[in-house]
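Remember, it's a predicted structure, so these values are computed and weren't measured experimentally.
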Amino acid sequence: MATTEGLVPITRTYLARYYDMYPLPPLPDATTDLAARLRALSADLAAVAPIAPDEELLEQEAAGIPAHKIDENLWKNREQIEEILFLINTSRRPVALQQKSTPEDAEIVCTLDDIEAKLKDMLKKLEQFQLQNADNVFNTVMTYMPQDFRGTLIRQQRERSERNKQAEVDALVSAGGSIHDRYALLWKQQMERRVQLAQLGSATGVYKTLVRYLVGVPQVLLDFIRQINDDNGPMEEQRERYGPALYTLTKLVLAIRLYLHVSLARYGHRKIEKDDIAVLQQAVVIYTKEFLKFTEFIGEVFVNAPFFISAEDAGAMDARKSDAYKETIIPARKTHEVILSVEALNSYIAWDFSLQQGALNMVLDIGFHVEHISPSGEKTLILPYRRYEADQGNFCTVSLGSYKLVWDNSYSSFFKKILRYKVDAVPPVVEPALPAMEL
């Protein structure tokens, strides 16, 4: 476990000083101009055929103010890229373009193919960026967690939660959900992750049953993950510094989608002018180039960002909690037992132990096994006997009653063993249900 001795969570003021070292290069002026031009071209096409309700909603979104959160904008860009790729897929293009009826049609097809290739590449890189960023945040948090069964259970909870979330997405897709439906669900899930992070910091909600289990977790870490996403917390500095450029790119991709939607829907009545397709192509080139630069820049800034700072820098000091390990001496030919009571199915029995080095510097081991004792007194071996120098593990219970953990030094004729251990029966963790107003 990385030490947090003398550290406190990053403050917005300190983070501002860090961001001063990473000024974001400005976007080209053409970024805003091209978005406005594409919206104007889309409006002109209303003379060919009235704007449909879905087109009107898209136009309103393109002309509106993007969401304030950085991650919400990243999800919005992913959604728009997928919508565009769906729109310009060969099978969905107007018949004249599928058949390349004229040289002009063939030229437009080449442009659409080029746009498709650029956006597919951008989508793949954006997905990788988001996955890497999520892993970086989680792994940073886990670096400061005790490296015993507590950290293991937090990891297992995250993995279980992510599997459930993916199953929810798969079910929506199988039921015929749209791209928009899927991204609405993905953003809802992202907000659930944020709530769970805050819950871990305050040991509430999904982690309420783990309050005593979290003894030994540095308070500075819990404070950090509880406060990091506050409206006026450290991440607000990030939004103010780097948000405007991302908002501009979000408006550009919305304008690109709007124009493609409107122009392809009317292609049978009015083909796309050469000058107009040139504007579209330039917009896509600038969008993909600048969006890639933004994600690479922001990735470098985030990976190097300080999550914790010295108390001297922040002007405060925070205390750490004890680690709650126990130590006992097991004489030769003796055993040591701990009995844990389980009152709810799917609880976890967890342990972490090691032997302290003796005066003779001998390699020491000790027998260890776990058995279940039913309310009627019947015993069932759960973990077979084996000798260890140290071990960390856990299992999910399927029966109520008592679980006896036994450290066995009965085979030793002369040597006592100094055992350092921590065990717990952790109640089942239940996924939280978020109120709709929080989504």
Side-chain angles (χ1 to χ4, degrees), residues 10 12-40 58 60-84 115 118-119 121-134 136-137 183 186-187 190 194 228-259 279-306:
I10 188 70
R12 181 172 177 179
T13 301
Y14 192 93
L15 199 59
R17 287 162 50 193
Y18 168 75
Y19 286 152
D20 285 341
M21 299 185 295
Y22 290 88
L24 178 64
L27 296 173
D29 293 338
T31 310
T32 303
D33 296 340
L34 286 166
R37 181 77 184 276
L38 288 173
R39 290 200 306 273
L58 184 55
Q60 290 173 359
E61 187 174 15
I65 300 174
H68 185 58
K69 294 181 175 67
I70 296 287
D71 50 353
E72 187 171 2
N73 273 271
L74 293 174
W75 284 108
K76 176 59 67 175
N77 277 266
R78 265 184 68 174
E79 177 186 352
Q80 299 311 309
I81 291 172
E82 280 207 41
E83 291 281 14
I84 292 170
I115 290 172
K118 283 183 169 61
L119 291 179
D121 183 62
M122 186 67 253
L123 179 62
K124 181 178 179 180
K125 290 176 178 175
L126 177 53
E127 290 171 346
Q128 292 172 342
F129 168 80
Q130 288 184 294
L131 286 172
Q132 186 63 54
N133 192 50
N136 285 343
V137 172
Y183 275 92
L186 288 169
W187 177 243
Q190 181 70 0
R194 182 172 295 180
I228 188 65
N229 284 312
D230 286 353
D231 288 342
N232 199 36
M235 291 300 99
E236 183 61 22
E237 186 66 30
Q238 172 202 114
R239 298 171 196 130
E240 289 191 2
R241 293 289 184 108
Y242 306 126
L246 180 57
Y247 307 153
T248 300
L249 291 170
T250 301
K251 289 180 71 68
L252 179 57
V253 74
L254 282 164
I256 292 170
R257 180 189 167 196
L258 173 65
Y259 176 72
V279 172
L280 174 65
Q281 192 168 25
Q282 185 185 6
V284 172
V285 168
I286 286 182
Y287 171 73
T288 53
K289 179 181 178 181
E290 295 301 323
F291 198 88
L292 179 60
K293 285 167 59 177
F294 178 85
T295 54
E296 289 176 344
F297 171 87
I298 225 70
E300 180 183 352
V301 172
F302 288 1
V303 79
N304 294 318

Heavy-atom donor-acceptor pair, Tyr18 side chain to Val301 backbone, under 3.5 Å: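 Present.
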
Ignoring hydrogens and geometry, is there a side-chain-to-backbone donor-acceptor pair from Thr31 to Pro28 under 3.5 Å?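 Side chain of Thr31 to backbone of Pro28, a donor-acceptor pair under 3.5 Å: yes, one is there.
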
Charged N to carboxylate O below 4.0 Å: is that the case for Glu296 and Lys293?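 Judged by the 4.0 Å cut-off on N to carboxylate O distance, Glu296 and Lys293 do not form a salt bridge.
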
Lys124/Glu127 salt bridge by N-O under 4.0 Å criterion: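 A salt bridge is absent here (no side-chain N lies under 4.0 Å from a carboxylate O).
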
Glu82 CD to Leu123 CG distance, which is reported to the nearest 0.5 Å: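 Reported to 0.5 Å precision, the distance equals 5.5 Å.
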
Gap separating the CD1 atom of Ile84 from the CE atom of Met122, nearest 0.5 angstrom: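 Atom-to-atom, Ile84:CD1 and Met122:CE are 12.5 Å apart.
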
What pair of heavy atoms forms the shortest contact from [X] to [Y], and how long is it?
X	Y	result
Leu74	Leu126	O-CD2, 3.8 Å
Val285	Thr288	O-OG1, 3.2 Å
Ala245	Leu24	CB-CD2, 3.4 Å
Ile70	Gly243	CD1-CA, 3.7 Å
Ala67	Tyr247	O-CE2, 3.2 Å

Quick one, [X] and [Y] - any side-chain contact, counting heavy atoms below 4.5 Å?
X	Y	answer
Tyr287	Lys118	no
Glu61	Lys76	yes
Leu292	Lys125	yes
Trp187	Lys69	yes
Phe129	Ile298	yes
Gln282	Leu34	yes

Determine whether more than 12 heavy atoms belonging to other residues, nucleotides or ligands lie under 6.0 Å from atom CZ of Arg37.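 No.
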
Counting only heavy atoms from other residues, nucleotides and ligands, does the tally under 6.0 Å from CG of Asp20 exceed 12?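 Enclosed.
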
Does the ring centre of Tyr242 sit less than 6.0 Å away from the ring centre of Tyr22?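 Ring-ring flag for Tyr22/Tyr242: false, centres at least 6.0 Å apart.
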
Report, one line per pair, each donor and acceptor closer than 3.5 Å where one atom sits in a side chain of residues 248-257; sequence neighbours left out.
residue : atom : partner : partner atom : Å
Thr248  : OG1  : Pro244  : O            : 3.0
Thr250  : OG1  : Asn73   : OD1          : 2.9
Thr250  : OG1  : Asn77   : ND2          : 2.9
Thr250  : OG1  : Leu246  : O            : 3.0
Lys251  : NZ   : Ala62   : O            : 3.1
Lys251  : NZ   : Gly64   : O            : 2.7
Arg257  : NH1  : Gln80   : OE1          : 3.0

